[in-house]
2 protein chains.
Amino acid sequence: MKKTILVFGMLILALLLLFQFSKYAIISGDLKVELIVAAIAIVFFFVGIYINKKSLSKSDTTIANINKEKIKELDISNREYEVLQKIAEGLSNKEIAEQLFLSESTIKTHVSSLLVKLDAKRRTQAITKAKSFEIL
Amino acid sequence: MKKTILVFGMLILALLLLFQFSKYAIISGDLKVELIVAAIAIVFFFVGIYINKKSLSKSDTTIANINKEKIKELDISNREYEVLQKIAEGLSNKEIAEQLFLSESTIKTHVSSLLVKLDAKRRTQAITKAKSFEIL
DNA sequence: TTTTAACTCATACTAAAGTACCAAAGTTCT
DNA sequence: AGAACTTTGGTACTTTAGTATGAGTTAAAA
């Protein structure tokens, strides 16, 4: 967040400087008009691209924010969420157990409570529901 | 495709006109320098945004094209793909059988061959692999 | 008209997945 | 320290999933 503000601030500052410089250059006639116009065009072209990308990634972040709230809303614990992610990766209970250094029965417990909390009958349905809740 | 080329052509033409006009305006001194610079900046800013969006939507289309080719490449038949989609929706073999008016054993046959073709051990892994292949 | 490929279905298994119930150990908050 | 919750794990059992194999049907291509 702070980073974004800083970057945008710097950007605006740079643009204002460019603005002032171009005005000065045109009036004093040090540079050719074409060059200045082209420079402004190019700079603002890329600024447009940059801003657009920023706003797109911002909307992604917004979705990511909804996620965490939804997870809390569904009362899904940290471990359960971890297991959910592994399920979505296509791992079996045994493989998840190995990766998290837990027993398979523990994974089964987590999976069962996940299915209840997500109102799913199967792990595959848990994946689709989780995605519809924008949790994954 | 033709539409895109047309739009881009018009855009470039408009920009060249703007370019020439700004040159004329600055030299003849009809308009204030600030206004012209601001106008160029704004126009190119939005052009940047526009181009960026175009390129993003283009890449989406490309991904959609890869899909069908990849399905053929993996030698996945129509029915198998249909079953794959149902799996991704989180349905059980029984439910898929009911929806497609087939027996459960037929679905099992399709699922098994899908797992082989996608090189997956489980239906959940089939989902993730299919998505990585941009098939779903 | 064969042949090929896709689609269908069955049986008999094995292997996972999932349920139900219980219980101990560890955290966190008061 | 005690309450409340999370995490962990076990047993026993039921239900799906998945494999292997074989076989009949259909539609299109050679």
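This one's a predicted model, so the numbers in the text were calculated from it and none came from an experiment. Naming convention: chains lettered A, B, ... in sequence-line order (proteins, then strands); numbering from 1 in each chain.
- For the pair Val83(A)/Leu100(A), a side-chain contact is recorded, criterion being any heavy-atom separation below 4.5 Å from C-beta on.
- In this structure, Lys108(A) places its NZ atom 16 Å from C1' of dC22(C), rounding to the nearest Å.
- Relative to the side chain of Thr109(B), the nucleotides dC7(C), dA10(C), dT19(C) differ in distance, and dA10(C) lies closest.
- With dT8(D), dC7(C), dG18(C) as the candidates, the nucleotide lying closest to the side chain of His110(A) is dT8(D).
- Leu84(B) places its CG atom 17 Å from the C1' atom of dA6(C), with the value rounded to the nearest Å.
- When the nucleotides dG18(D), dT7(D), dT6(D) are ranked by their closest atom to the side chain of Asp75(A), dT6(D) comes out on top.
- Using a 4.5 Å heavy-atom cutoff, the side chains of Glu80(A) and Ser113(A) are in contact.
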Quiz item: Should Ile96(A) and His110(A) be marked as a side-chain contact (heavy atoms from CB on, under 4.5 Å) after you check the CA-CA gap, both sets of side-chain angles, and the distance that decides it?
Solution: CA-CA 11 Å; Ile96(A) 297 171; His110(A) 290 318; over 6 Å; no

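- Spacing between atom CG of Asn78(B) and atom P of dT26(D) amounts to 19 Å, rounded to whole angstrom units.
- To the nearest angstrom, P of dA6(C) lies 13 Å from NZ of Lys72(B).
- In this structure, the NZ atom of Lys117(A) is 11 Å from the C1' atom of dT7(D), given to the nearest Å.
- Taking atom CD of Glu80(A) as the reference point, atom C1' of dT7(D) lies 9 Å away to the nearest angstrom.
- Atom NZ in Lys117(A) sits 11.5 Å away from atom OG in Ser112(A) (nearest 0.5 Å).
- By the 4.5 Å heavy-atom criterion applied to side chains, Gln85(B) and Leu136(B) are counted as neighbours.
- Between Thr106(A) and dT8(D) there is no side-chain polar atom (N or O) within less than 4.0 angstrom of OP1 or OP2.
- Looking at the side chain of Ser77(A), the nearest of the listed nucleotides dT7(D), dG18(C), dA17(D) is dT7(D).
- Regarding Tyr81(B), its OH atom lies at a distance of 18 Å from the C1' atom of dA6(C), rounded to whole Å.
- Contacts with DNA chain D (heavy atom under 4.0 Å) in residues 85-105 of chain B: Ser92(B), Asn93(B), listed by number.
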Self-check item: Chi angles and distances behind the salt bridge (charged side-chain N to carboxylate O under 4.0 Å, His left out) call for Glu82(A), Arg79(A)
Solution: CA-CA 5 Å; Glu82(A) 227 172 333; Arg79(A) 265 304 201 208; 3.1 Å; yes

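- Residues from residues 118-130 of chain B with heavy atoms under 4.0 angstrom of DNA chain D, sorted by number: Arg122(B), Arg123(B).
- Lys72(A) and Glu69(A) are not joined by a salt bridge, as no carboxylate oxygen comes within less than 4.0 angstrom of a charged side-chain nitrogen.
- The separation between Ile107(A) atom CD1 and dG9(D) atom C1' is 11 Å, rounded to whole Å.
- The side chain of Ser112(A) contributes no N or O atom lying less than 4.0 Å from OP1 or OP2 of dG18(C).
- A 4.5 Å side-chain heavy-atom check between Arg122(A) and Glu95(B) finds at least one atom pair inside the cut-off.
- For the pair Thr128(B) and Ile127(A), the minimum side-chain heavy-atom distance is 4.5 Å or more.
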